[in-house]
2 protein chains.
Amino acid sequence: MSCANHLADSLRERGFRMTPQRLAIMHVLYASPKHLSPAQVFDQVRGTVPGVTETTVYRTLEFLSEHGLVRPIHLGSGHPVYEIREHDHHHLVCRDCGGTVEVENSLFKTLYVQLEAATGFQLAGNHLSLFGLCPDCQRE
Amino acid sequence: MSCANHLADSLRERGFRMTPQRLAIMHVLYASPKHLSPAQVFDQVRGTVPGVTETTVYRTLEFLSEHGLVRPIHLGSGHPVYEIREHDHHHLVCRDCGGTVEVENSLFKTLYVQLEAATGFQLAGNHLSLFGLCPDCQRE
DNA sequence: TACTTATTGAGAAAAACTTGCAATAAGGAT
DNA sequence: ATCCTTATTGCAAGTTTTTCTCAATAAGTA
């Protein structure tokens, strides 16, 4: 990961430290095309960082979430999964096959503006999961 | 609850049975102005149905969700809460104070149509939680 | 009243996190 | 290079939440 130095610096500026564990967890999430559960992250990280614990994975994922580096996602299972926070987007989740499709944040802009006007809330662009049937599963 | 008979009939038509446990759980959710966690439902139900178990509460909430009578909601804690499924709506959740505001489903209609056109998904009107800062907490 | 089987209760167990504390090791100061 | 401070981790135990199995119960129908 070429941005490792940049990442480390940005943490240090805020008084935190870069550790092999944090780097490995970021790595795993960067390399994954899909969001991962803490258990899945743990499974992959233990391969490269011997001795790493689940505790550390949980703590690190929360730490990275708090500082905006990863995004926690709730897909309806009741358990959060995580992904690198790059571009803002949302997920459509198929109730049948569980498949997910990403949709751009831009489509939600109008709605957000309306909601903010109506309620006075200042909305953050958090991740949303919308459920339905994907084209394939509709054919059944 | 005057609709108890209607509810019982609608279950029987589908081959299910009405039980004191199911009735009590529906009761609790009807009486509550807010969504409740399984543990909260259990606490209230055990007062009226002696011997009821947490297992039953979990099973019943899932059963009622599957059949469209209650709605599971994910407010970001990672643990679902439940409410009676009356009118469709969504929640704005304040990141600071945790307060919630309901917003009508109608505002989301346009977005849903756009998303369906763009992806081919057939979207169900599931519940959404949008996060942000409520008017009060913005003043700090 | 009897019968079928959906539903529940009980207890154990799995899964998902959390906590406290001592040991480790980043990163800055010397 | 070495020391120091303290952020971070590992370890072990504990808690909470949720699921599972299976026998017992009871709803609804004949």
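To find a chain, count down the sequence lines: A is the first, B the second, and so on, and within it residues start at 1.
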Any donor-acceptor pair under 3.5 Å from Ser129(B) side chain to His74(B) backbone = yes
Note: for Phe63(A) and Pro38(B) on DNA chain D, the residue whose nearest nucleotide lies more 5' is Phe63(A)
Could you pull out every donor-acceptor pair under 3.5 Å between side chains of residues 50-58 of chain B and any protein atom, sequence neighbours left out?
residue  : atom : partner  : partner atom : Å
Thr53(B) : OG1  : Thr56(B) : N            : 3.3
Thr53(B) : OG1  : Thr56(B) : OG1          : 3.1

What residues 52-59 of chain A contributes to the DNA chain C interface at heavy-atom separation below 4.0 Å is Thr55(A), Tyr58(A), Arg59(A)
Residue pairs passing the salt bridge (Lys or Arg N to Asp or Glu O under 4.0 Å) test with at least one member in residues 65-77 of chain B, sequence neighbours excluded, are Arg71(B)-Glu83(B), Arg71(B)-Asp88(B)
Here the distance between atom C1' of dT8(C) and atom CD1 of Ile25(B), to the nearest Å, is 11 Å
Separation of dT7(C) atom P from Leu23(B) atom CG, nearest Å, is 14 Å
- Message: Over all strands shown, is Pro50(A) touching base, sugar-phosphate only, or nothing at heavy-atom distances under 4.0 angstrom?
- Response: nothing
Taken in chain and number order and not counting sequence neighbours, the residues that satisfy salt bridge (charged side-chain N to carboxylate O under 4.0 Å, His left out) with Arg17(A) are none
Taken in chain and number order and not counting sequence neighbours, the residues that satisfy salt bridge (charged side-chain N to carboxylate O under 4.0 Å, His left out) with Arg59(A) are none
Tracing side-chain contacts under 4.5 Å among Ile, Leu, Val, Met, Phe, Trp and Tyr outward from Val101(B) reaches Leu92(A), Val101(A), Val103(A), Leu107(A), Phe108(A), Leu111(A), Tyr112(A), Leu115(A), Phe121(A), Leu123(A), Leu128(A), Leu130(A), Leu92(B), Val103(B), Leu107(B), Phe108(B), Leu111(B), Tyr112(B), Leu115(B), Phe121(B), Leu123(B), Leu128(B), Leu130(B)
For Val113(B), the hydrophobic cluster (side chain heavy atoms closer than 4.5 Å, chained through members) also holds none
Chain A vs DNA chain D, heavy-atom contacts under 4.0 Å, first-to-last nucleotide span, 5' to 3', is dT5(D) to dA12(D)
* Asked: Do any side-chain nitrogens or oxygens of His79(A) fall under 4.0 Å of OP1 or OP2 in dC17(C)?
  -> yes
Applying side-chain contact (heavy atoms from CB on, under 4.5 Å), run through Leu7(A) and Met18(A) and close with a yes or a no. CA-CA 8 Å; Leu7(A) 175 61; Met18(A) 176 51 82; 3.6 Å; yes
In 5'-to-3' order, the base (B), backbone-only (S) or no-contact (-) status of each nucleotide in nucleotides 25-30 of chain C, using a 4.0 angstrom heavy-atom cut-off, is BBS---
Ring pair (Phe, Tyr, Trp, His ring centres under 6.0 Å) filter on His79(B), not counting sequence neighbours, yields none
Residues at least two apart in sequence or cross-chain that pass ring pair (Phe, Tyr, Trp, His ring centres under 6.0 Å) with His91(B), listed by chain then number, are His35(B), His89(B), His127(B)
The side-chain contact (heavy atoms from CB on, under 4.5 Å) partners of Arg14(A) (sequence neighbours excluded) come to Ser10(A), Phe16(A), His67(A)
